[in-house]
There are 2 protein chains.
Amino acid sequence: MIALRRLHAFVAVAEEGQMTRAAERLGMAQPPLSRLVRGLEAELGVTLVRRLPRGVALTDAGQALFEEARTVLARAGGIADTVRRVARGEQGRLAIGFTSSAALHPFVPGALLAFRAVQPGVRTELEEAGTMELIDALQQGRLDAAFVRTPVESIEGLVVDHVLDEPMVAAMPAGHALARNGPSPLPLPALAGEKFILYRRPAGPGLYDAIVAACHGAGFSPTIEQEAPRLTSTLSLVAAGLGITIVPASMEQIAMPGVTFRALLGCPGLFAPINLAFRRSGSSPIAMRFRDTVRRLANGRHGS
Amino acid sequence: MIALRRLHAFVAVAEEGQMTRAAERLGMAQPPLSRLVRGLEAELGVTLVRRLPRGVALTDAGQALFEEARTVLARAGGIADTVRRVARGEQGRLAIGFTSSAALHPFVPGALLAFRAVQPGVRTELEEAGTMELIDALQQGRLDAAFVRTPVESIEGLVVDHVLDEPMVAAMPAGHALARNGPSPLPLPALAGEKFILYRRPAGPGLYDAIVAACHGAGFSPTIEQEAPRLTSTLSLVAAGLGITIVPASMEQIAMPGVTFRALLGCPGLFAPINLAFRRSGSSPIAMRFRDTVRRLANGRHGS
DNA sequence: TCACGACATACCTCCAGGGTATGGAAATCG
DNA sequence: CGATTTCCATACCCTGGAGGTATGTCGTGA
């Protein structure tokens with residue numbers, strides 16, 4: 001393997017057209033440089049320079065080496081900087097996952113936008129997937145962080161930041177009796193007797209439990225008509241007239257035809273969280289920067 | 001500057017995911033490799049690998065170094081081969097110049113074609129210019145070789161190979177009296193009394209002198225009506241009816257309207273040479289290969 | 001022909017980098 | 001739950017390559 005320093009020296013010789021001056025520029029004496037060039041020639045089995053009375057001239061092979069060496073040196077010279085920038089989290093890749101319901105809340109795209117603005121050297125890669133897939137990807141290192149609805153705190157090797165809570169709203173078929181009472185907030189007990197379609201928790205306690213608990217707190221036990229594996233799919237079932245559901249307010253953004261949303265009144269404890277999950281250890285500096293950014297943004301809206 | 005061998009070692013560590021195995025692959029003991037990695041980390045001021053109970057895992061910075069190092073190593077690894085191929089004349093650049101009149105003879109494009117077939121790694125660059133410009137470019141090293149009509153042997157620092165001689169033909173206006181006698185060869189004395197338009201030698205003795213000498217040998221002294229700086233431009237003047245000229249037979253290929261060509265009969269010494277000029281010293285191996293190719297081709301047509 | 005400029009040779013020195021021996025920590029096994 | 005295994009880290013030694021100094025050689029130019 002040709003040592004990089006040799007190439008550097010040879011480039012100096014080629015550029016100066018003279019070994020003596022090149023040696024000076026390299027901060028070394030002339031004889032070692034002379035030997036170095038001969039060493040290169042011996043290693044390659046090729047004459048690189050013609051020794052003239054005044055200075056040296058590159059042969060074709062020398063010219064070729066010169067050009068190759070310059071590109072390699074330029075590339076190699078940038079390595080140290082690049083690596084250091086990556087280490088400081090100023091450059092690199094950040095893979096963020098989120099569930100489709102988390103992506104609906106403006107905070108999530110807002111946080112990504114803010115991070116990209118602060119860290120222009122970082123390439124962000126996004127992935128939308130189910131909670132279980134996200135957890136898997138986190139543990140395997142395919143993702144650096146993931147926005148999820150459920151508190152996955154208890155999952156092995158993961159750590160979770162609570163980002164925000166948002167209110168929940170009732171969603172019912174457009175033709176439903178409760179949909180005709182105008183846009184005023186609905187007291188929770190009004191939903192007693194309705195058939196519920198709920199998102200089944202994929203991991204740990206989630207919205208499902210919160211909703212059931214809130215109904216009990218309001219004095220009734222909800223009738224669970226059906227469960228859905230994804231928050232978004234509950235709305236499809238509502239639109240089909242199978243029942244009503246309670247979803248995070250940001251789900252209204254879907255504006256699904258045939259579904260009417262109504263705010264809920266006085267439901268302590270009935271809110272939908274958004275959390276940001278990381279690996280407990282081995283997270284990249286970039287991931288840590290992203291965590292900081294999200295925390296700062298979350299505090300800026302003081303938990304609203 | 002990061003030594004290339006260090007990068008090589010680091011790549012091995014990254015690929016093996018384990019220092020012990022990487023050391024084995026590198027043909028060295030484990031402790032030096034361990035130190036080498038620490039040395040890299042110290043030099044960059046960055047942690048490159050996380051030491052795990054089993055093996056090591058790259059940090060973001062380590063991953064970045066890994067990717068950068070691989071590209072640099074790949075490029076550097078090819079250098080030796082490239083340089084050696086260039087030295088053997090199998091790869092590189094060959095700049096060939098020629099006068100417009102030389103380019104008309106099929107031998108010249110034929111030679112270039114043959115050389116490209118034999119040396120596919122060599123990029124040929126062509127330039128058409130006047131004899132003086134070609135000589136300049138040769139001396140300054142911008143060209144490796146040049147096909148010229150005139151024997152530039154005496155020019156300082158150049159050396160010339162005689163490639164071939166071709167017969168010359170008379171060129172006259174289409175309506176000229178001599179043009180009506182059919183395509184049979186014309187004895188040179190028939191041109192006595194005609195007005196001649198001749199190509200003036202730009203350097204050393206050339207066609208001009210050969211033509212004048214041949215006329216004297218045929219018993220008459222030609223009337224020089226006009227001189228032209230380029231062989232091709234004499235034909236324009238002939239077409240304009242200003243006189244007749246004698247040009248290399250390959251000039252017939254121009255098929256200029258208004259010009260009729262007739263072969264000449266029995267003119268010893270009246271022929272047009274094509275020569276190949278090189279720098280006397282410092283020519284590249286590729287240029288020498290081209291010289292060989294041309295010589296072989298020229299011998300193949302045994303001086304015809 | 002003498003001085004100068006530039007590359008080559010001879011010889012010495014030193015340290016970067018590799019080797020061996022061994023320690024230490026975490027995972028695995030009986 | 002020790003014993004063992006498996007890696008990485010540390011300590012110390014040693015060699016070879018790379019650099020320095022002194023000097024030689026060879027054209028060039030005055």
Side-chain angles (χ1 to χ4, degrees), chain A residues 1-44 46-59 61-62 65-66 69 73 76 80 156-157 280-282, chain B residues 1-44 46-59 62 65-66 69 73 80 156-157 280-282:
Chain A
M1 173 174 350
I2 302 178
L4 221 48
R5 209 173 61 279
R6 289 179 153 203
L7 292 184
H8 187 232
F10 180 76
V11 165
V13 171
E15 286 178 348
E16 295 291 341
Q18 192 188 121
M19 291 203 190
T20 307
R21 208 157 49 223
E24 203 172 316
R25 184 173 120 188
L26 292 167
M28 64 189 285
Q30 169 263 318
L33 181 57
S34 186
R35 270 183 318 178
L36 187 149
V37 173
R38 294 194 98 77
L40 267 181
E41 293 184 321
E43 185 170 341
L44 295 170
V46 150
T47 302
L48 295 172
V49 296
R50 292 200 312 277
R51 277 75 170 175
L52 307 177
R54 296 292 158 113
V56 297
L58 296 183
T59 63
L65 178 60
F66 176 46
L73 284 171
E156 170 70 19
R280 183 172 297 279
S281 68
Chain B
M1 174 176 345
I2 302 177
L4 220 49
R5 210 175 57 279
R6 289 179 152 203
L7 292 184
H8 186 233
F10 181 76
V11 165
V13 171
E15 286 178 349
E16 296 291 342
Q18 192 188 120
M19 292 203 190
T20 307
R21 207 158 48 223
E24 202 172 318
R25 183 173 119 188
L26 292 167
M28 64 189 285
Q30 169 265 318
L33 181 58
S34 186
R35 271 185 317 179
L36 186 148
V37 173
R38 295 194 99 76
L40 267 181
E41 294 184 320
E43 185 170 341
L44 295 171
V46 150
T47 302
L48 294 172
V49 296
R50 292 199 312 277
R51 277 76 173 175
L52 306 177
R54 294 294 159 109
V56 296
L58 296 183
T59 62
L65 178 60
F66 176 47
L73 284 171
E156 170 70 20
R280 183 172 297 279
S281 68

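Just so we're clear, the structure is a prediction, and the values are computed from it rather than from any experiment. Just so it is clear: chains get the letters A, B, ... in the order the sequence lines come, proteins before strands, and each one is counted from 1. Computed over heavy atoms, backbone and side chain alike; hydrogens, waters and symmetry mates excluded.
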Engineer: Quick one: on DNA chain C, does Pro53(B) or Arg5(B) contact a more 5' nucleotide (nearest heavy atom)?
Structural biologist: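 Final value for this comparison: Arg5(B).
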Engineer: Scan Arg21(A) against the nucleic acid and name what it touches under 4.0 Å (heavy atoms): base, sugar-phosphate only, or nothing.
Structural biologist: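 The answer is nothing, as Arg21(A) stays clear of every strand by at least 4.0 Å.
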Engineer: So where does chain A start and stop touching DNA chain D, 5' to 3', when the test is distance under 4.0 Å to a non-hydrogen atom?
Structural biologist: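 Listing 5' to 3', DNA chain D meets chain A from dA18(D) to dT28(D).
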Engineer: If you take all heavy atoms of Val49(B) and Met19(B), which pair is closest and at what distance?
Structural biologist: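 It is CG2-CE, 4.3 Å.
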Engineer: How long is the span from the CD atom in Gln30(B) to the CG atom in Leu36(B), to the nearest 0.5 Å?
Structural biologist: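 It comes to 12.0 Å.
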Engineer: Considering residues at least two apart in sequence or located in another chain, which fulfil the side-chain contact (heavy atoms from CB on, under 4.5 Å) criterion with Ala22(B)?
Structural biologist: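 Residues passing side-chain contact (heavy atoms from CB on, under 4.5 Å) with Ala22(B): Ala12(B), Val13(B), Glu16(B), Leu33(B).
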Engineer: Applying side chain to side chain donor-acceptor pair (under 3.5 Å), can you list everything that pairs with Glu24(B), at least two apart in sequence or on another chain?
Structural biologist: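 Partners of Glu24(B) by the side chain to side chain donor-acceptor pair (under 3.5 Å) criterion come out as none, since no residue qualifies.
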Engineer: Test of understanding: with side chain to side chain donor-acceptor pair (under 3.5 Å), list the residues that count as partners of Arg50(B), not counting sequence neighbours.
Structural biologist: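 Result, side chain to side chain donor-acceptor pair (under 3.5 Å) vs Arg50(B): none returned.
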Engineer: Could you tell me from which nucleotide to which nucleotide of DNA chain C, 5' to 3', there is an atom under 4.0 Å from chain B heavy atoms?
Structural biologist: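 Both ends considered, the range comes out as dG17(C) to dA27(C).
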Engineer: Could I get the full list of side chain to side chain donor-acceptor pair (under 3.5 Å) partners for Arg38(B), not counting sequence neighbours?
Structural biologist: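 Not a single residue meets the side chain to side chain donor-acceptor pair (under 3.5 Å) criterion with Arg38(B).
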Engineer: With rounding to the nearest 0.5 Å, note down the distance linking CG in Leu4(B) to CD1 in Ile2(A).
Structural biologist: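 Those atoms lie 9.0 Å apart.
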Engineer: Distance from Leu48(B) atom CG to Thr59(B) atom OG1, nearest 0.5 Å?
Structural biologist: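 Here the rounded value is 5.5 Å.
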Engineer: Going from CZ on Arg5(A) to CE on Met28(A), what distance comes out if it is rounded to the nearest 0.5 angstrom?
Structural biologist: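 If we round to the nearest 0.5 Å, Arg5(A):CZ and Met28(A):CE are 8.0 Å apart.
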Engineer: Contacts to DNA chain C from residues 7-18 of chain B, heavy-atom cutoff under 4.0 Å, which residues?
Structural biologist: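 Hits under 4.0 Å, by residue number: none.
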Engineer: Enter the distance from Leu58(A):CG to Leu65(A):CG here, rounded to the nearest 0.5 Å.
Structural biologist: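 Interatomic distance, Leu58(A) CG to Leu65(A) CG, rounded to 0.5 Å: 9.0 Å.
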Engineer: Just to be sure I understand the geometry, which residues of residues 22-43 of chain A put a non-hydrogen atom under 4.0 Å away from DNA chain C?
Structural biologist: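 Close to the strand are Gln30(A), Pro31(A), Ser34(A), Arg35(A), Arg38(A).
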Engineer: Among all residues two or more places apart in sequence or in another chain, which pass the side-chain contact (heavy atoms from CB on, under 4.5 Å) test with Ala3(A)?
Structural biologist: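 For Ala3(A), the residues satisfying side-chain contact (heavy atoms from CB on, under 4.5 Å) (neighbours in sequence not counted) are Arg6(A).
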Engineer: Residues two or more places apart in sequence or in another chain: which of them pass side chain to side chain donor-acceptor pair (under 3.5 Å) with Arg51(B)?
Structural biologist: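 With sequence neighbours excluded, Arg51(B) shows a side chain to side chain donor-acceptor pair (under 3.5 Å) to Glu41(B), given in chain and number order.
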Engineer: Could you pull out all residues at least two apart from Arg35(A) that satisfy side-chain contact (heavy atoms from CB on, under 4.5 Å)?
Structural biologist: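 side-chain contact (heavy atoms from CB on, under 4.5 Å) list for Arg35(A), sorted by chain: Pro32(A).
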